Asker: 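Encoded as structure tokens, here's the structure I'll be asking about.
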Number of protein chains: 2
Amino acid sequence: MIEPFSTIDLISTKRDFGELSKVEIDWIIDAYVRGVVADEQMSAMAMAILLNGMSMREIVDWTQAMINSGERLDFSSLSPATVDKHSTGGVGDMITLPLAPLVASFGAAVPQLSGRGLGHTGGTLDKLEAIPGWQANLTNEQMLNQLHQVGAVICAAGAGLAPADKKLYALRDVTGTVPAIPLIASSIMSKKIAEGTSALVLDVKVGSGAFMKTIEQARTLAKTMVEIGNAAGVKTKALLTNMEQPLGKAAGNALEVRQAIEVLNGAGPQDVIDLTVELATQMLALVGITGIDVKENLENGKALAKWQQLISAQNGDLSKPLPAAKFTHEIYAADSGTIAKFDALSVGIAAWRLGAGRSRKEDSVQAAAGVTWTIELGQKITKGEPILTLHTDEESRFDSAIAALESSVVISQGESVAKPNLILDRIGE
Amino acid sequence: MIEPFSTIDLISTKRDFGELSKVEIDWIIDAYVRGVVADEQMSAMAMAILLNGMSMREIVDWTQAMINSGERLDFSSLSPATVDKHSTGGVGDMITLPLAPLVASFGAAVPQLSGRGLGHTGGTLDKLEAIPGWQANLTNEQMLNQLHQVGAVICAAGAGLAPADKKLYALRDVTGTVPAIPLIASSIMSKKIAEGTSALVLDVKVGSGAFMKTIEQARTLAKTMVEIGNAAGVKTKALLTNMEQPLGKAAGNALEVRQAIEVLNGAGPQDVIDLTVELATQMLALVGITGIDVKENLENGKALAKWQQLISAQNGDLSKPLPAAKFTHEIYAADSGTIAKFDALSVGIAAWRLGAGRSRKEDSVQAAAGVTWTIELGQKITKGEPILTLHTDEESRFDSAIAALESSVVISQGESVAKPNLILDRIGE
């Protein structure tokens with residue numbers, strides 16, 4: 001096969017602040033999957049993209065080329081319409097668990113292809129695997145059947161979706177080229193578009209526990225993803241939400257499932273309820289379901305019933321107890337005052353060190369490990385009150401987790417502390 | 001072995017406009033040679049260096065780390081002192097051939113480790129191999145002996161000098177990361193410093209036929225190399241010289257050797273004589289030989305005698321005829337007027353296509369192929385005069401060479417054309 005382009009020429013174009021054409025982008029992605037473009041060439045290209053940027057047209061074409069590298073699911077035969085959510089990842093972010101059944105309980109279909117955790121952020125599949133018997137891997141046919149019968153499915157993305165993204169992400173991970181907004185946006189969106197959803201709400205996290213540390217970065221990423229989605233015919237909106245402090249009251253697999261069940265029973269932490277309702281309202285609006293009281297189905301048991309169907313359909317046994325950690329350790333308030341800082345990243349790292357997360361893709365996780373807490377920003381606290389509980393099956397893990405939490409909580413005696421906004425911005429309204 | 005640094009952290013430092021410490025640079029070069037830093041990581045690092053730059057201290061440390069990756073020759077036992085020249089490469093640049101014997105004829109020792117041509121630029125070793133029997137490869141001992149006995153040696157650099165540079169250059173060549181001034185400067189200087197010369201004059205070419213297209217780029221490269229050399233204890237100066245039009249009157253291996261012999265006989269093109277004398281004067285001054293008439297030894301046969309010793313010592317037989325091409329083709333002036341443009345790059349590409357150059361390192365070259373010419377910028381010409389002659393052993397190569405020369409010569413009827421300066425600047429005075 002005679003190749004129509006020279007890899008070095010295309011790298012040089014991005015290096016010299018030029019723009020790649022659609023045919024050039026189609027070729028480089030395809031040639032990378034075929035092994036004609038070598039890893040050391042693609043990593044130089046990725047660094048040039050990271051430092052010099054890409055035009056919106058290039059990002060849309062790059063995403064499309066990654067989608068074209070694999071299969072594309074088709075749910076157009078489904079009635080009702082499909083709608084999905086994607087979160088860029090944070091600490092204690094188990095919103096998918098109550099959200100998918102809540103949205104399905106109003107008649108929309110939710111095809112939620114999810115991932116596993118890496119580092120300090122958790123993954124939806126790891127959380128659900130804390131439920132005895134629950135299966136993450138479904139065939140495309142099983143997925144479609146479940147969407148027909150239950151209206152929601154949460155499962156692992158098959159290897160057939162956007163294989164170019166899989167190869168490129170593994171390369172970026174070892175070459176310092178992860179934090180490139182064009183590459184982050186096209187990576188997320190290629191999988192979501194290939195998955196075949198008709199509408200998508202993005203939850204872009206901002207702050208200490210998120211990949212995007214500033215609102216400007218998060219807004220750029222959100223706008224980029226919304227444009228990619230709409231250009232590909234997927235109705236897409238985004239929320240920017242706060243991840244300075246962790247979400248809810250738990251970080252850890254079984255601990256977050258337990259919290260999700262509380263929310264589906266009409267209880268649970270207020271911020272989790274608020275974000276679940278907000279995201280569900282946006283998702284339902286995108287598929288034309290409006291004028292309803294979304295929160296009602298969390299309180300009247302309809303979302304809970306849908307959750308039970310969803311978990312049972314994938315062999316999860318909710319009658320069995322969730323795993324509990326062998327060891328716990330309490331941390332107490334060192335002072336009286338107001339919580340002025342509660343750092344999401346520190347909590348995420350502590351949960352990871354306790355066994356809830358993994359350092360490498362091939363590591364396994366502890367279902368019961370993690371951190372629970374009673375506090376939130378702006379809350380009054382009395383010296384000696386328990387504020388954090390550490391959970392693990394291996395007692396030797398406590399020391400490093402406690403070290404991670406050392407300066408995670410600041411208690412202020414002086415000025416009052418305003419409760420921060422959970423929803424920071426909406427993109428694509 | 002536990003590695004003291006994370007490759008991703010060091011890439012991220014350069015990516016985020018930070019500075020690498022000396023120990024970090026020492027480690028990454030050593031770890032790259034050991035294979036601990038992978039090619040795809042080093043190419044991302046090279047692109048970050050290309051786009052974000054390096055401080056002078058980082059460049060000096062990077063060069064030193066590449067020198068430390070291999071052996072370092074030591075000529076300090078030699079009296080007289082050693083002095084070398086390096087050219088960044090151009091079209092018709094055979095100055096090393098008359099220069100090394102000229103400098104040696106005044107009693108300085110010239111250890112000239114040279115390379116081969118790639119693309120449109122020629123290589124000194126390819127040129128000398130046009131002489132029947134001449135040997136490019138010497139052991140370190142042979143080299144030292146020849147320096148003692150003849151006072152000059154022109155040979156291939158051994159694989160033991162700066163092996164990190166060899167590995168890194170091959171990587172940069174396929175990843176679009178060649179044109180990074182910190183990496184070009186450290187690549188050249190690591191080999192020259194490891195070679196053990198006590199003084200060095202750099203000839204940095206500027207213009208169409210050179211790698212540096214603008215005087216600003218060339219000046220930055222020259223200043224960087226002069227600083228590296230002086231920091232390493234090698235007395236270093238640089239000239240910036242014109243490569244808008246080709247040097248001399250020939251481009252091609254045997255064709256350039258023939259021209260060198262003319263110059264060593266007191267004849268030859270004026271620009272070649274001028275540049276040879278200028279570089280020799282600078283080199284001799286760096287080792288304390290001043291107050292002499294450098295040009296005299298080109299005219300009195302002393303440089304020629306040294307040339308004959310130099311070539312004979314490496315088995316070259318100057319009594320045998322140089323190879324001549326089987327086919328020639330003349331190009332004639334299309335108009336009468338003044339030569340307003342004579343493009344070096346076009347001539348270099350034509351010589352390459354005629355067989356004088358190579359596209360890949362493993363290709364062989366034709367000794368007799370190339371281009372000769374009668375013209376220079378500012379010269380008056382009459383329509384129908386022969387201006388260029390093409391030489392090759394394969395007649396089928398003429399068409400593509402003629403195509404390369406299509407717009408290489410512009411003859412102006414109107415305004416007068418000033419003869420350009422050959423020496424554009426001096427760095428390190």
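So you know, we letter chains A, B, ... as the sequences are listed, proteins then strands, and number each from 1. Fair warning: this is a prediction, and the values are worked out from it, not measured in the lab. Reckoned from all heavy atoms, side chains included, excluding hydrogens, waters and symmetry mates.
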Asker: In terms of heavy-atom pairs under 4.5 Å, which option from B/Asn52, B/Leu10, B/Val178 contacts chain A the most?
Answerer: B/Asn52
Asker: Is a salt bridge present between B/Glu216 and B/Arg219, judged by a nitrogen-to-oxygen distance below 4.0 Å?
Answerer: no
Asker: Would a distance-only check, ignoring hydrogens and angles, find a side-chain to backbone donor-acceptor pair under 3.5 Å from B/Lys22 to B/Glu58?
Answerer: no
Asker: Within a radius of less than 6.0 Å around NZ of A/Lys213, do more than 12 heavy atoms belonging to other residues, nucleotides or ligands occur?
Answerer: yes
Asker: Please determine if A/Glu244 and A/Lys341 form a salt bridge, counting it only when a charged side-chain N lies under 4.0 Å from a carboxylate O.
Answerer: no
Asker: Determine the option with the most heavy-atom pairs under 4.5 angstrom with chain B, choosing from A/Met42, A/Lys14, A/Met47, A/Met45.
Answerer: A/Met47
Asker: Among A/Ala46, A/Ser6, A/Pro179, which residue forms the greatest number of heavy-atom pairs with chain B at distances under 4.5 Å?
Answerer: A/Pro179
Asker: Check the surroundings of atom NZ in B/Lys223: do more than 12 heavy atoms from other residues, nucleotides or ligands lie under 6.0 Å from it?
Answerer: no
Asker: Chain B heavy atoms under 4.5 Å from A/Asp9: which part of the residue, side chain, backbone, both or neither?
Answerer: neither
Asker: At a 4.5 Å cut-off on heavy atoms, which part of A/Leu50 comes close to chain B: side chain, backbone, both, or neither?
Answerer: side chain
Asker: Considering only heavy atoms and a distance below 4.5 Å, find which of B/Ser12, B/Ala48, B/Ala38 pairs most often with chain A.
Answerer: B/Ala48
